[in-house]
Each structure stands twice: as structure tokens, then as C-alpha cells.
Novice: 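The structure follows.
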Amino acid sequence: MDYNNIIVSEEGNIAMITINRPKKLNALNKETISELHAAFNDLNEDDSIRVIILTGSEDKAFVAGADISEFADFGVKKGSKLAQRGQELLFDFVENLSTPVIAAINGYALGGGLELAMACHFRVASSNAKMGLPEVTLGLIPGYGGTQRLPQLVGKGKAMEMIMTASMITAEDAKNFGLVNYVVSQDELIPLCKKLAIKISRNSSTAISSAIKTINANFKDGVNGFEKEIKQFGKCFGTDDFIEGTTAFLEKRKPDFN
Ligand code: DAK
């Protein structure tokens, strides 16, 4: 499929999506959000793809936010409608994908950009990365899940401070707050993400998909995560991967999950 704003590449069973609007610091316009939805959907349905890495093009930005030129003239109705549509189409969609998604934060991750990174399953940042939710400087609050996912990752007090002050934090601070898992140089960013992806890809994809659903259940209103875990755990016993994993252990060999 041809895209105008993103580049999709594959290397073995790892896919990479690069948001490619460098002149606008990869800001998310409507078309980019639709293209990202289509790409994530296609890759998720492709059984040969085990991990997706999401990054921004060039070395300045992951995503510098939602494209401000597109929402400057919105009213109340249009704003809430599009926030809901965006959350369903991209942010909640990525969070609930069965294929693991790693955000490789290669520069500014602001507003909708940080919200997108937070919707990914985990994050790795380059040392030049800067992160923040500056929406209150525009008379807005984060509208793509930021008020919910930031406190889950950094705790309520730090999230309140970051959102109220609209300050950018460094990659090192983000690591100390639990927002990103690793900080490396720009050159090492994609290689480290690929290394992690290869490690993940050797494990059972059905078990990983169950783990994503179960971990996410902890953060969903009205869902009992422990009950979800029992259900998903039971389901694992009915999979080919369970037979292969246990057989390989007993035969003292490495499992070969298809
Ligand atoms: N949108 C559109 N264009 C952007 C952009 C953005 N978010 N960020 C940067 N650009 C553009 C700049 O306008 C400039 O374009 P030209 O003037 O060259 O045409 C180009 O990218 C390069 O940017 P700068 O010249 O500003 O580069 P600097 O190195 O000087 O500064 C910066 C880098 C990241 C500090 C600065 O660009 C900046 O402050 N950018 C804006 C950051 C920001 O406030 N982002 C928005 C956060 S609010 C909604 C749902 C969610 C949201 C909104 C609506 N609905 C459902 C309706 C979420 C909102 C947000 O994300």
C-alpha cells in the first residue's frame, strides 16, 4: 500500500513504521492518523510480523504533536468528535494491538506525539529526545489519552506537574520517571529497538498477545484484571505454542514458535 506520510518497512519478522513529515516535525495531521491506522491494522493481521517499531523520520522529532493548523478553528462539537475518533482509530487501537509495538522516540515527542508513544507497549528514547504535554499553552488539555496514560506511567503527582507546567522533560528524566525504559544515543536507538524486537519475536506470539490483553485489563474501568488473567492463562493451554514450548523444554531444545 502507498502512503503519503509514513514509510513502512520490514526486516524478517520485524516491521518499522516511520512517520515521515520532517518539515512539520512529523506532526500528526488527519491523513497521517488514517495511514497509521491502516498500517498498524495490516501489520497486525500479518502473522509473519512479530513486532512493530514506531519512529519519526530524521533526527529532530518523533512527533511534535497534533498538527496545530488543522484544529485551530474547531468548536466544541468538532473537537470532542475528533478526539473520540482519533482515540479509537489510533491511540486505543495501538494500545490494544495483539502485536507488540515499541516506540523509538528519536527527538521531540510533544502533545499528541507523546500520547502516541504512550499508547505503544513500551518506549525507548534517544538522548536528544524531549517529551511533554504542552496542550495547556494552547488552551487545551491532552485529548488523545494523555491525561489517563501519563499518570499510569509516571504517577499522578508528576503527571499533574507535567500537564500543568507544560514543561518538556529530558530523556534521562523520562527514564527516571518510568516514561521510557532505556536512553541511548541516536545511533544506538533503532539497533537497540531491533535487538529487543528480536528477543520478543523468539517467544510465543499467542502468549504475548494474551499478556498484552491481560496487562491492559489492569487499566480498564469495570474489568477485573485477575479474572482476565485466569481466562487468558487457561486459553494458553489450548494453543500450539504451549505444546511446542513445553515439548521443547522437555526435549532440551529451543522452542520453534511459528
Ligand atoms: N503542528 C503543526 N506544525 C508544527 C508542529 C505542530 N504540532 N510542530 C512543529 N511544526 C512546524 C512548524 O510550524 C515549522 O513549520 P514551518 O514554519 O517551517 O512551515 C516546522 O514544523 C519546524 O518547527 P519550528 O521552526 O518551530 O522548529 P524549532 O526547532 O524552532 O522548534 C518545537 C521545535 C518542537 C519546540 C516547536 O516546533 C514547537 O513548539 N512545536 C509545537 C509543539 C506543540 O505545541 N505541539 C502541539 C501539542 S498540542 C485534538 C486532539 C489532540 C490534540 C489536538 C486536537 N482533537 C481531536 C481536535 C493534541 C494537541 C497537541 O498535540
Side-chain angles (χ1 to χ4, degrees), residues 3-7 17-38 40 54-95 103-120 123 125-154 158-174 179-180 186 189:
Y3 297 110
N4 294 322
N5 306 282
I6 63 173
I7 299 166
I17 302 178
T18 306
I19 300 168
N20 189 34
R21 300 184 74 215
K23 288 193 177 131
K24 295 290 169 193
L25 302 187
N26 303 322
L28 291 177
N29 60 359
K30 261 196 292 188
E31 192 184 30
T32 307
I33 290 180
S34 296
E35 289 184 359
L36 284 168
H37 172 81
F40 276 116
L54 175 67
T55 195
S57 67
E58 301 192 359
D59 55 6
K60 196 166 166 186
F62 173 73
V63 170
D67 192 319
I68 296 170
S69 64
E70 273 192 346
F71 60 81
D73 61 348
F74 279 10
V76 174
K77 253 196 184 156
K78 213 168 170 188
S80 13
K81 202 173 144 205
L82 285 177
Q84 187 177 2
R85 194 174 144 66
Q87 288 200 13
E88 284 168 7
L89 208 62
L90 185 58
F91 299 78
D92 292 353
F93 189 74
V94 168
E95 182 174 70
I105 305 177
N106 55 311
Y108 289 114
L110 302 175
L114 180 56
E115 290 175 298
L116 181 57
M118 291 193 291
C120 296
R123 289 143 294 281
S126 56
S127 48
N128 64 310
K130 292 234 166 75
M131 285 157 255
L133 293 177
E135 281 84 347
V136 296
T137 66
L138 300 170
L140 290 172
I141 63 164
Y144 285 142
T147 61
Q148 306 304 298
R149 292 192 182 99
L150 188 63
Q152 289 166 7
L153 288 162
V154 306
K158 194 37 100 179
M160 286 278 190
E161 181 191 335
M162 280 179 67
I163 290 172
M164 288 179 195
T165 61
S167 302
M168 289 188 212
I169 60 168
T170 63
E172 256 330 301
D173 280 344
L179 188 51
V180 305
Q186 276 238 323
L189 180 65

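Every number for a ligand or one of its atoms is a count from 1 in the order of the listing. This is a predicted model, so every value here is computed, not measured. Position 1 is the first residue of the sequence; numbering continues from there.
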Novice: Looking only at protein heavy atoms, which one is nearest to atom 22 (C) of ligand 1, and how far off is it?
Specialist: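 Of the protein heavy atoms, L25 CG, 3.9 Å lies nearest.
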Novice: Atom 42 (C) of ligand 1: which protein heavy atom is closest, and how many Å away?
Specialist: A64 O, 3.5 Å
Novice: Please work out whether any backbone atom (N, CA, C, O) or any side-chain heavy atom from C-beta onward of A83 is under 4.0 Å from ligand 1, and answer side chain, backbone, both or neither.
Specialist: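 Near ligand 1, A83 shows its backbone as well as its side chain.
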Novice: Determine, using heavy atoms of G86 and all atoms of ligand 1, whether some pair is separated by less than 4.0 Å.
Specialist: no
Novice: Using a 4.0 Å heavy-atom cut-off, which part of L138 comes near ligand 1: side chain, backbone, both, or neither?
Specialist: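 Looking at L138 and ligand 1, just side chain atoms fall under 4.0 Å.
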Novice: Flag atom 7 (N) of ligand 1 as yes if some protein heavy-atom distance to it falls below 4.0 Å, otherwise no.
Specialist: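 It does: a protein heavy atom is found less than 4.0 Å away from atom 7 (N) of ligand 1.
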Novice: Heavy atoms, side chains only, cut-off 4.5 Å: are R21 and N29 in contact?
Specialist: yes
Novice: For atom 14 (C) of ligand 1, what is the closest protein heavy atom, and at what distance to 0.1 Å?
Specialist: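 The closest heavy atom on the protein side is K23 O, 4.3 Å.
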Novice: Considering only protein heavy atoms, which is closest to atom 38 (C) of ligand 1, and at what distance to one decimal place?
Specialist: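 Answer for atom 38 (C) of ligand 1: L110 CD1, 4.8 Å.
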Novice: So is there a nitrogen or oxygen of I68 less than 3.5 Å from a nitrogen or oxygen in ligand 1?
Specialist: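 Such a contact does occur with ligand 1.
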Novice: How far is atom 44 (O) of ligand 1 from its nearest protein heavy atom, and which residue and atom is that?
Specialist: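 Looking only at protein heavy atoms, the one closest to atom 44 (O) of ligand 1 is P134 CG, 3.7 Å.
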Novice: Mind checking what makes side-chain hydrogen bond (donor to acceptor under 3.5 Å, both in side chains) contact with E172, not counting sequence neighbours?
Specialist: none
Novice: Distance to 0.1 Å, residue and atom name: give those for the protein heavy atom nearest to atom 53 (C) of ligand 1.
Specialist: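 Heavy-atom neighbour on the protein nearest atom 53 (C) of ligand 1: F71 CE2, 3.5 Å.
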Novice: Describe, in one word, how the ring planes of H37 and F93 are oriented to each other, choosing from parallel (under 30°), tilted (30 to 60°) and perpendicular (over 60°).
Specialist: tilted
Novice: Got an N/O contact under 3.5 Å between K24 and ligand 1?
Specialist: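 Yes; at least one N/O pair falls below 3.5 Å.
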Novice: Would you please say whether a donor-acceptor pair under 3.5 Å links the side chains of T18 and N20?
Specialist: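 No - no donor-acceptor pair under 3.5 Å links their side chains.
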Novice: Would you say atom 16 (P) of ligand 1 makes contact with the protein, given that contact here means a non-hydrogen protein atom less than 4.0 Å away?
Specialist: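 Yes, because at least one protein heavy atom sits under 4.0 Å from atom 16 (P) of ligand 1.
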Novice: Any protein heavy atom lying closer than 4.0 Å to atom 26 (O) of ligand 1?
Specialist: no
Novice: Which residue owns the protein heavy atom closest to atom 58 (C) of ligand 1, what's the atom, and how far is it?
Specialist: A66 CB, 3.5 Å
Novice: Classify the contact between K78 and ligand 1 as side chain, backbone, both or neither, using a heavy-atom distance cut-off of under 4.0 Å.
Specialist: neither
Novice: Answer yes or no: does an N/O atom from A27 fall short of 3.5 Å to an N/O atom of ligand 1?
Specialist: no
Novice: Among all protein heavy atoms in this structure, tell me which lies nearest to atom 28 (P) of ligand 1, with the distance rounded to 0.1 Å.
Specialist: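 Scanning the protein heavy atoms, the shortest distance from atom 28 (P) of ligand 1 goes to K60 NZ, 3.7 Å.
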Novice: Is there a side-chain contact between L114 and L179, using heavy atoms and a 4.5 Å cut-off?
Specialist: yes
Novice: Assess R85 for proximity to ligand 1: is some non-hydrogen atom of it under 4.0 Å away?
Specialist: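 Under 4.0 Å: no for R85.
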